[in-house]
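The structure under discussion appears below in the form of structure tokens.
FYI, the numbering just counts along the sequence from 1.
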Amino acid sequence: MGDLRDEKKFVINFSAGPAKLPEAVLRQAQKEMLDYQDTGVSVMEMSHRSADFSKILNTTEQNLRELLDVPDNYKVMFLQGGGTGQFSAVPLNLMKLKPGHTADYLVTGTWSAKAANEAKKYGTVNMVLPATKKYTSIPDASTWNLNPEASYVYYCANETVHGVEFKDIPETNGVPLVCDMSSNILTRPVDVSKFGVIFAGAQKNIGCAGVTVVIVRDDLIGQAMDVCPSVFDYKVQSSNNSLYNTPPTYSVYIMGLVFNWIKSQGGVASMDHNSQVKSSTIYNVVEESDGFYCCPLDPKCRSRTNLPFRIGSIEGNDSLEKKFLEEATKAGYLQLKGHRSVGGIRVSLYNAVSVEEAHLLAGFMRNFIADNRHLLDTPAQ
Ligand SMILES: *Cc1c(COP(=O)(O)O)cnc(C)c1O
């Protein structure tokens, strides 16, 4: 069962982002494309201040609040600029919270490294973890260099490129915690009350590109730097219900359809369960491959949504990885190439990828071992 699109050729999309959307969502969008619920117009053609769009916006916010159990003292905004926009918006809004204008950054991969670099434009950035280029583990919390005077502590819950995922929420002893959840939001329950700010670009787990969810605790709003652009100012945007300027209306609509779909599937608890099953299905093939597949990551922080691995050794075997990707693509398993900075293979298992689809890929991976193990034993040319 599930989501195999029978009218076209067999494919399963394992893209890291923009990523697969549930088929039911695309079908509903298709059905409503020209005429949204008897309005005679497409959502794309509606005023963002119309009653019809207001309803879409408010329902989408309500559903997100319900799915994530967002407390009443948090504002929810739907903004443009992507996750990368928030790399600037976060320091622009929060750096001045304390007089030192410093912020703590936990850098565990490409995305948090980019965020830290951006923040340096607006204040002093304190690196909580020792510098590394490997990004395969999270140093033990007892070794962290946290500054009690920091305006905020920043981390990325799931590093999409390197596959490092936090299993626990960092303890900051009262300093507001900011989290980039772009690639694992709504894949597991989170206690929102532990956070100052949560943000996520939609195009990985919850929609299409163009909209970024930003959830901010009330007391952190209203202290933006003077240079903060109005479109990024949490006070301006939250007091205008994300309508200070035109929001990405169609992307909000698609995200709303995804939230409905998640609810229909049993909510975050069921996404969490599926995520657990899908990721262990793939990691088990790696673990049981007797060194054919190698995952460089510390098992304690292996991502459930982005699973990087190599073939042959941690350094990878170029010709076998190329063969794997060619045969996978031919068989319909799409977008499995690792990020260009890491190489190898990366399997992205966001909410729209079904358990059945993960099982099919696991089968392909097992068959690939059987057909190619002998090639590993021959010395490299
Ligand atoms: C994709 C991604 C981003 C960047 O998102 P954009 O919308 O391209 O700016 C930031 N953080 C994480 C964790 C991501 O996966």
Inset, instruction - Apply side chain to side chain contact (heavy atoms under 4.5 Å, CB included) to N158 and S303, showing your working. - result: CA-CA 7 Å; N158 182 74; S303 169; 2.6 Å; yes
Inset, instruction - Output all residues satisfying ring pair (Phe, Tyr, Trp, His ring centres under 6.0 Å) with F364, sequence neighbours left out; order by chain, then residue number. - result: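 If we apply the ring pair (Phe, Tyr, Trp, His ring centres under 6.0 Å) test to F364, skipping adjacent residues, the hits are F324, Y333.
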Check this for me: does any side-chain nitrogen of one of [X] and [Y] sit under 4.0 Å from a carboxylate oxygen of the other?
{"X": "K55", "Y": "D52", "value": "no"}
{"X": "K235", "Y": "D233", "value": "no"}
{"X": "K337", "Y": "E326", "value": "no"}
{"X": "E321", "Y": "K323", "value": "no"}

Distance only, no hydrogens: is a donor on one side chain within 3.5 Å (strictly under) of an acceptor on the other, for [X] and [Y]?
{"X": "N117", "Y": "K120", "result": "yes"}
{"X": "D298", "Y": "T136", "result": "no"}
{"X": "T102", "Y": "N126", "result": "no"}
{"X": "Q237", "Y": "S242", "result": "no"}
{"X": "Q62", "Y": "E66", "result": "no"}
{"X": "N184", "Y": "N205", "result": "no"}
{"X": "S112", "Y": "E159", "result": "yes"}
{"X": "N317", "Y": "S319", "result": "yes"}

Legend entry - Rounded distance (nearest 0.5 Å) linking atom CG of L220 with atom OH of Y234: 9.5 Å
Do the side chain of [X] and the main chain of [Y] share a donor and acceptor less than 3.5 angstrom apart?
{"X": "T305", "Y": "S183", "value": "yes"}
{"X": "S275", "Y": "M271", "value": "no"}
{"X": "W144", "Y": "P139", "value": "yes"}

Inset, instruction - Identify the residue among V178, V214, D180 that makes a side chain to side chain contact (heavy atoms under 4.5 Å, CB included) with Q86. - result: V214
Side-chain heavy atoms nearer than 4.5 Å, only ILVMFWY residues, links allowed to pass through others: does that put [X] and [Y] together?
{"X": "I138", "Y": "L106", "value": "yes"}
{"X": "L336", "Y": "I369", "value": "yes"}
{"X": "Y74", "Y": "V153", "value": "yes"}
{"X": "V213", "Y": "V236", "value": "no"}

Inset, instruction - Walk me through it: do E327 and K322 pass the test salt bridge (Lys or Arg N to Asp or Glu O under 4.0 Å)? - result: CA-CA 9 Å; E327 290 180 15; K322 194 160 164 265; over 6 Å; no
Inset, instruction - May I have the step-by-step check of side chain to side chain contact (heavy atoms under 4.5 Å, CB included) for K114 and F87, ending in yes or no? - result: CA-CA 8 Å; K114 281 197 171 169; F87 296 171; 3.8 Å; yes
Search all heavy atoms of [X] against all heavy atoms of [Y] and return the closest pair with its distance.
{"X": "N351", "Y": "L186", "answer": "ND2-O, 3.0 Å"}
{"X": "R304", "Y": "E165", "answer": "N-OE1, 2.8 Å"}
{"X": "V353", "Y": "K278", "answer": "O-NZ, 2.8 Å"}

Could you tell me whether the side chain of [Y] reaches within less than 4.5 Å of the side chain of [X], counting heavy atoms only?
{"X": "V342", "Y": "Y135", "result": "no"}
{"X": "T110", "Y": "H162", "result": "yes"}
{"X": "Y293", "Y": "R310", "result": "no"}
{"X": "T187", "Y": "I185", "result": "no"}
{"X": "M95", "Y": "K121", "result": "no"}
{"X": "P71", "Y": "V192", "result": "yes"}
{"X": "R302", "Y": "Y283", "result": "yes"}
{"X": "E61", "Y": "L64", "result": "no"}

Legend entry - Member of Y152, Y154, Y155 meeting the side-chain hydrogen bond (donor to acceptor under 3.5 Å, both in side chains) criterion with Y105: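 Running side-chain hydrogen bond (donor to acceptor under 3.5 Å, both in side chains) over Y152, Y154, Y155 with Y105 returns exactly one hit, Y152.
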Legend entry - Check: Y253 ring centroid to Y36 ring centroid under 6.0 Å: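 Between Y36 and Y253, which both carry aromatic rings, the centre distance is below 6.0 Å.
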Inset, instruction - Using the side chain to side chain contact (heavy atoms under 4.5 Å, CB included) rule, take L92 and Y122 through it: C-alpha gap first, then chi angles, then the decisive distance, then the call. - result: CA-CA 7 Å; L92 281 163; Y122 307 106; 3.5 Å; yes
Inset, instruction - Walk me through it: do V175 and D104 pass the test side chain to side chain contact (heavy atoms under 4.5 Å, CB included)? - result: CA-CA 10 Å; V175 177; D104 279 357; 5.9 Å; no
